[in-house]
Amino acid sequence: MAIKPNMGDGRTRNSVSVFIVAGLCCFFFFLGAWQRSGFGKGDSIALEVTKNSEGCNNLPDLNVETHHGSDAGISDDSQSEVKEIKPCDAQYTDYTPCQDQQRAMTFPRESMNYRERHCPPDEEKLHCLIPAPKGYVTPFPWPKSRDYVPYANAPYKSLTVEKAIQNWIQYEGNVFRFPGGGTQFPQGADKYIDQLASVIPIENGTVRTALDTGCGVASWGAYLWKRNVIAMSFAPRDSHEAQVQFALERGVPAVIGVLGTIKMPYPSGAFDMAHCSRCLIPWGWNDGIYMKEVDRVLRPGGFWILSGPPINWKTNYKAWQRPREELEEEQRKIEEVAKQLCWQKISEKGEIAIWQKRFDADSCREGNSQICKSDDPDDVWYKKMEVCITPYEKADSDDLKPFPERLYAVPPRISSGSVSGISVKAYEEDNKAWKKHVSAYKKIIKILDSGRYRNVMDMNAGMGSFGAALTSPKMWVMNVVPTIANKKTLGVIFERGMIGIYHDWCEGFSTYPRTYDLIHAHGLFNLYKNKCDFEDILIEMDRILRPEGAVIIRDRADVLMKVKRIVGGMRWNAKLMDHEDGPQVPEKILVAVKQYWVVGDNSTSTP
């Protein structure tokens with residue numbers, strides 16, 4: 001999508017560009033004025049949007065309908081009646097459609113099935129906007145958000161009592177404080193990670209992506225960030241109220257999830273490190289089915305960390321109040337499965353054991369009757385977990401560059417041709433195009449990389465080039481690859497040192513409301529135009545977007561016209577505008593900011 005300059009029409013194109021930039025500059029001037037509506041709505045960082053606004057002229061709105069209404073065959077229904085989408089009742093403030101507690105209780109408890117995704121049928125979907133709780137405020141910027149969360153944003157105190165001696169979370173005035181402790185590291189995650197780093201090369205970029213199973217409030221992932229490691233943390237929505245919500249309020253990547261009966265929504269060979277800190281997962285159960293699922297997503301040479309029971313059971317069985325024989329048998333099963341998987345134990349000190357998956361794991365497993373028969377180890381969406389060992393193609397076991405060099409190096413899955421239809425040249429051109437697009441976004445949204453937007457989602461991530469262009473210590477990107485995408489590129493994204501997840505946007509995402517600051521969608525609505533209702537997708541986007549969060553949708557003009565009409569009834573301030581290269585480009589951009597409103601509000605803040 002990169003455009004070479006044409007000297008013959010440079011003057012005309014330059015004039016158009018000036019017109020576009022000036023118009024967008026003024027639009028975001030007003031959005032910035034609206035965003036800085038005071039504590040509890042926008043924060044002071046939003047003031048940055050109005051800086052450097054010299055040269056912004058008061059120009060008329062860009063009009064995509066005028067440019068493409070007739071010659072592109074677009075039906076302009078912008079003047080037809082806009083349907084207002086009403087607010088939901090207050091009881092739905094923390095509604096998670098596919099992990100609804102009442103629905104969960106109707107499913108079997110065996111193998112944690114009831115804690116897995118169970119989405120409502122179409123006739124039971126909510127067609128309303130989820131309200132924020134009374135007193136909701138903009139989260140603190142990172143890194144302060146790592147340690148403090150406003151009480152009003154997640155007003156649940158149960159963990160402050162239940163985990164008091166373990167230093168998870170403390171309630172102080174109108175905020176929660178997170179001291180960095182955990183069940184297995186009450187003295188703090190930093191010291192715990194130091195212990196791990198004495199065995200695992202965490203500091204040199206070799207280990208970049210990590211998986212935290214049963215993460216609690218994700219303090220392990222929160223403290224890995226400053227060591228340039230990004231963790232995908234998950235925990236179920238269960239009696240530990242709002243643990244994943246707390247993680248995301250802190251600015252730490254996390255999703256609602258559980259090891260149950262369904263495969264994890266990640267590709268094979270994705271993570272450099274996996275971790276369980278007293279996560280209560282029965283690793284030896286059912287011939288090690290959960291260890292084998294971790295093995296599927298663990299890269300050859302990757303590390304698995306298990307801390308807590310049954311490790312060091314001889315010393316701790318009394319403190320754990322569990323029989324010696326039970327703990328001994330539990331560890332025996334774990335060690336047995338690790339040998340089947342060709343994992344080598346490289347350390348066991350105190351209550352921490354570390355295994356490394358061999359680089360030549362496949363040769364080690366030759367003759368094993370438990371090798372999986374599936375042709376596609378990345379075909380995981382709603383697929384049952386299997387008691388078998390996943391083989392790996394050679395490309396998946398090739399050494400990767402250390403991070404950050406890994407970010408733009410050619411991923412092994414592309415260089416080997418494992419991803420059909422994507423060449424090295426196409427990968428490099430995609431990177432070039434998205435550097436250009438993101439550069440344009442930063443000129444439009446001056447505060448894009450200021451720290452105002454910490455949790456970012458790309459709803460149709462492709463090869464992850466949008467996320468790569470945004471890479472910064474101030475933000476992280478959840479790269480979502482739709483299950484109906486033409487190419488399975490999520491493995492490529494992980495090989496670049498980023499994280500992501502498979503998802504079908506006809507369903508609710510596995511997160512709490514108000515957990516993302518910025519949502520980006522390129523080609524998503526065109527992809528789903530014959531699959532599910534645009535209104536359902538937009539309502540879900542609204543659910544997971546924070547008040548005064550931003551949305552950037554890049555798609556075909558005719559598609560965006562339909563999107564814009566729905567957005568008109570959604571309490572968003574939206575602007576449809578031309579592509580940064582001018583009105584001749586069929587692709588357009590819709591930029592929106594969600595208005596601030598809370599439970600009981602009949603009106604919203606506006607510019």
In a check of side chain to side chain donor-acceptor pair (under 3.5 Å) between Ser465 and each of Arg496, Glu428, His522, which one passes? Arg496
When the ring planes of Trp304 and Trp355 are compared, do they come out parallel, tilted or perpendicular, using 30° and 60° as the limits? tilted
Return yes if a side-chain donor-acceptor contact under 3.5 Å exists between Thr96 and Arg237, otherwise no. yes
We want to know whether Gln99 and Ser510 form a side-chain donor-acceptor pair, criterion being a heavy-atom distance below 3.5 angstrom. yes
Quick check, are the ring centers of Tyr148 and Phe178 under 6.0 angstrom apart? no
Side-chain H-bond candidate by donor/acceptor type, Asp449 with Tyr441, under 3.5 Å: no
Stepwise ring-ring contact (aromatic ring centres under 6.0 Å, His included) check, Tyr192 with His275: CA-CA 12 Å; Tyr192 176 74; His275 174 256; 5.7 Å; yes
Step-by-step salt bridge (Lys or Arg N to Asp or Glu O under 4.0 Å) determination, Lys488 to Asp376: CA-CA 10 Å; Lys488 290 185 177 178; Asp376 185 2; 2.6 Å; yes
Could you grab the distance from atom CG of Asp378 to atom NZ of Lys263, nearest 0.5 Å is fine? 9.5 Å
Flag this pair as yes if the NZ/CZ of Lys144 is under 6.0 angstrom from the six-membered ring centre of Phe140 and inside a 45 degree cone about the axis; otherwise no. yes
What are the two closest non-hydrogen atoms of Gly221 and Val252, and how far apart are they? C-CG1, 4.1 Å
Can we say the SG-SG distance for Cys388 and Cys372 is below 2.5 Å? yes
Of the options Val481, Ile537, Val551, which is the one that meets Met459 in a side chain to side chain contact (heavy atoms under 4.5 Å, CB included)? Ile537
Can you check whether Met498's main-chain N or O pairs, donor with acceptor, with Arg406's side chain at less than 3.5 Å? no
Assess whether salt bridge (Lys or Arg N to Asp or Glu O under 4.0 Å) is satisfied between Glu249 and Arg546, documenting all intermediate values. CA-CA 10 Å; Glu249 284 292 322; Arg546 298 193 197 280; 2.9 Å; yes
Sub-3.5 Å donor-acceptor pair from the side chain of Ser145 to the main-chain atoms of Arg250, do we have one? yes
Evaluate the ring planes of Trp505 and Phe509, with Trp represented by its six-membered ring, and classify them as parallel (under 30°), tilted (30 to 60°) or perpendicular (over 60°). parallel
Pair Thr261-Glu116, side-chain donor/acceptor within less than 3.5 Å: yes
Do the side-chain N and O atoms of Asp542 and Trp572 include a donor-acceptor pair separated by under 3.5 angstrom? yes
Under 3.5 Å side-chain donor-acceptor pair for Tyr266 and Arg296: no
Please find out if less than 6.0 Å separates the ring center of His579 from that of His437. yes
Tell me, with the steps shown, if Arg208 and Asn228 meet side-chain hydrogen bond (donor to acceptor under 3.5 Å, both in side chains). CA-CA 7 Å; Arg208 166 62 179 177; Asn228 222 9; 3.3 Å; yes
Side chains of Asn204 and Thr206 only: does a donor on one sit below 3.5 Å from an acceptor on the other? yes
Is a side-chain donor or acceptor of Ser423 paired with a backbone partner of Ala426 at a separation under 3.5 angstrom? yes
Does the side chain of Asp295 come under 3.5 Å of the side chain of Trp343 through a donor N or O and an acceptor N or O? yes
For the side chain of Thr515 and the backbone of Leu248, is there at least one donor-acceptor N/O pair under 3.5 Å apart? no
